[in-house]
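Written out below as structure tokens is the structure these notes cover.
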Amino acid sequence: MNQSIIEPTLHDLLLLRGRAAELASGARRRSADRDSGTRHSPFRGRGMDYAESRAYAVGGEVRHIDWRGTARSGELHTKLFAPERERTSAVVIDTAVAMGFGTRRCFKAVAAAHLAALFVWSAVMQGDRICAAAFGRRAGMIPSLAGRRGALRALDAVCQWSSRVEPADAVETKLGVTLDRLARGLNSGAHLLLVIDHRSLDDEAERALRRLRRHHDVMAVVLVDAFERSKLPAGTYRVAALAGEAQLRVESDGTAAWQQDWKTAQESAVWRLRKLGAGAMIARGDQDPVQVLRDLLRGVPAVAVGE
């Protein structure tokens with residue numbers, strides 16, 4: 001089996017840098033933090049945008065005197081400005097066992113890594129700092145770092161987290177725990193992308209997302225496989241895994257009931273995410289990742305899998 005089908009390679013993630021410009025036609029969603037803007041800091045100081053006026057202090061620059069405020073109050077006032085700051089873009093990937101599955105093109109873990117890489121390269125083009133985190137059977141967090149170095153460090157971590165070699169001390173880390181840890185290291189107005197399996201969205205994760213959405217902009221892709229979304233014709237299928245191969249026999253209409261249950265659960269996860277204020281949609285692992293992220297940025301309908 002081709003290794004790049006079952007786990008991502010850093011080489012492939014680096015190549016996606018060339019496609020990041022294709023996302024330019026998709027506009028970013030407005031930040032959840034009404035005070036954050038796109039690049040503005042809550043701290044007061046020198047910068048481009050007016051923040052407030054205060055009483056003039058000895059040593060202040062004459063060119064920043066607020067003449068209108070001075071005329072109204074009768075006392076000398078000076079203008080303060082909000083400096084620009086770098087926004088943080090953070091990507092969170094699911095490493096649950098369910099991500100190690102795929103019937104077309106690649107495993108869901110590989111598709112998740114490709115989406116993460118495109119998001120990272122697009123953020124670099126915007127001048128953002130890059131942060132990455134993972135939850136599931138492998139968990140971790142990479143603090144934010146600007147530029148190409150930040151991107152390389154994040155993508156290297158994504159490859160390690162997506163490895164199909166089972167860690168010796170594997171303990172499932174919940175999405176909610178990871179989101180709370182991530183939130184403690186983010187400034188207001190961060191831009192987040194979650195790439196998850198629908199089963200990872202539990203009540204604890206919803207509570208963490210509700211807290212996160214108070215200050216940050218959140219998008220989510222619920223990743224599915226084509227097998228989970230379309231009826232499988234009757235027949236015998238070869239199933240390959242790291243442990244070997246097997247034969248799967250599908251009887252006529254034998255998959256209809258559980259596939260419908262899966263579709264309902266997947267769509268429910270998306271609606272729950274949207275109810276929390278996150279931009280969310282379902283995407284198949286074999287879809288073009290550029291198109292998936294472009295649709296997500298444009299706010300297309302939640303179920304956009306070519307059905």
Side-chain angles (χ1 to χ4, degrees), residues 6-8 12-13 16 19-20 23 26 29 89-102 105-123 130-142 151 154-155 157-164 172-176 178-179 182 190-202 205-206 208-209 212 216-226 228-229 266-267 269-270 272-274 276 278-297 300 302-305:
I6 61 176
E7 58 184 22
D12 288 342
L13 302 189
L16 287 169
R19 300 200 64 197
L23 293 175
R29 301 176 68 244
S89 281
V91 63
V92 180
I93 64 168
D94 195 339
T95 67
V97 174
M99 301 297 284
F101 175 76
R105 193 170 69 86
C106 63
F107 280 10
K108 290 197 288 185
V110 175
H114 289 174
L115 287 168
L118 274 171
F119 178 79
V120 164
W121 288 123
S122 177
I130 307 300
C131 178
F135 69 96
R137 65 188 185 89
R138 288 181 184 270
M141 194 168 300
I142 301 298
L155 297 183
V158 167
C159 287
Q160 294 181 38
W161 293 330
S162 303
S163 171
R164 301 317 304 165
E172 289 277 335
T173 301
K174 297 291 187 179
L175 173 58
T178 296
L179 292 179
L182 181 63
H191 190 54
L192 283 80
L193 173 67
L194 316 181
V195 188
I196 64 173
D197 180 82
H198 72 277
R199 284 159 287 196
S200 297
L201 185 66
D202 55 18
E206 287 192 44
L209 275 168
L212 201 65
H216 307 293
D217 185 14
V218 181
M219 303 187 303
V221 174
V222 175
L223 206 55
V224 304
D225 185 76
E228 302 169 353
R229 302 291 299 182
Q266 291 159 357
E267 289 163 16
V270 170
R272 287 156 63 194
L273 286 163
R274 288 192 165 192
L276 292 169
M281 64 177 285
I282 291 172
R284 288 197 320 263
D286 62 323
Q287 284 183 277
D288 178 14
V290 171
Q291 188 61 52
V292 171
L293 284 186
R294 183 183 292 138
D295 287 346
L296 185 62
L297 289 166
V300 300
V303 182
V305 292

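What's counted below: heavy atoms across the whole structure, side chains too, no hydrogens, waters or symmetry copies.
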Looking at side-chain heavy atoms only, is the closest gap between [X] and [Y] below 4.5 Å?
{"X": "Asp202", "Y": "Leu175", "answer": "no"}
{"X": "Val195", "Y": "Val92", "answer": "no"}
{"X": "Leu212", "Y": "Leu192", "answer": "yes"}
{"X": "Ile196", "Y": "Leu223", "answer": "no"}
{"X": "Leu209", "Y": "Leu201", "answer": "yes"}

Supply the atom-to-atom distance [X] [atom1] to [Y] [atom2], rounded to the nearest 0.5 angstrom.
{"X": "Phe119", "Y": "His191", "atom1": "CZ", "atom2": "NE2", "value": "4.5 Å"}
{"X": "Ser162", "Y": "Leu13", "atom1": "OG", "atom2": "CG", "value": "8.0 Å"}
{"X": "Ile93", "Y": "Leu193", "atom1": "CD1", "atom2": "CG", "value": "10.5 Å"}
{"X": "Met281", "Y": "Leu293", "atom1": "CE", "atom2": "CG", "value": "8.5 Å"}
{"X": "Asp197", "Y": "Thr95", "atom1": "CG", "atom2": "OG1", "value": "11.0 Å"}
{"X": "Cys106", "Y": "Glu7", "atom1": "SG", "atom2": "CD", "value": "12.5 Å"}

Any side-chain to backbone donor/acceptor pair from [X] onto [Y]? Under 3.5 Å, distance only.
{"X": "His198", "Y": "Ala269", "value": "no"}
{"X": "Arg199", "Y": "Gln266", "value": "no"}
{"X": "Arg105", "Y": "Gly285", "value": "yes"}

Search all heavy atoms of [X] against all heavy atoms of [Y] and return the closest pair with its distance.
{"X": "Ala117", "Y": "Leu155", "answer": "CA-CD2, 3.6 Å"}
{"X": "Met99", "Y": "Asp94", "answer": "CG-O, 3.3 Å"}
{"X": "Leu297", "Y": "Leu23", "answer": "CD1-O, 4.4 Å"}
{"X": "Ala133", "Y": "Thr178", "answer": "CB-CG2, 4.0 Å"}
{"X": "Leu182", "Y": "Ala90", "answer": "CD2-CB, 4.3 Å"}
{"X": "Leu179", "Y": "Ala208", "answer": "CB-CB, 4.0 Å"}

Holding to side chain to side chain contact (heavy atoms under 4.5 Å, CB included), I want the full list of residues that pass it with Ala139, two or more places apart in sequence or in another chain. Thr173
Step by step, would you call His114 with Leu16 a side-chain contact (heavy atoms from CB on, under 4.5 Å)? CA-CA 8 Å; His114 289 174; Leu16 287 169; 3.9 Å; yes
Thinking salt bridges, do Arg284 and Asp225 make one under a 4.0 Å N-O criterion?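 Between Asp225 and Arg284 there is no salt bridge, as every charged N stays at least 4.0 Å from the carboxylate O atoms.
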Once side-chain hydrogen bond (donor to acceptor under 3.5 Å, both in side chains) is applied, do any residues pair with Arg19, and if so which ones, sequence neighbours excluded?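 Once residues adjacent in sequence are excluded, the partners of Arg19 under the side-chain hydrogen bond (donor to acceptor under 3.5 Å, both in side chains) criterion are Glu22, Asp288.
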What verdict does the side-chain contact (heavy atoms from CB on, under 4.5 Å) test give for Leu273 and Val222, after you've listed the backbone C-alpha separation in whole Å, the side-chain angles of each residue and the deciding distance to 0.1 Å? CA-CA 10 Å; Leu273 286 163; Val222 175; 3.9 Å; yes
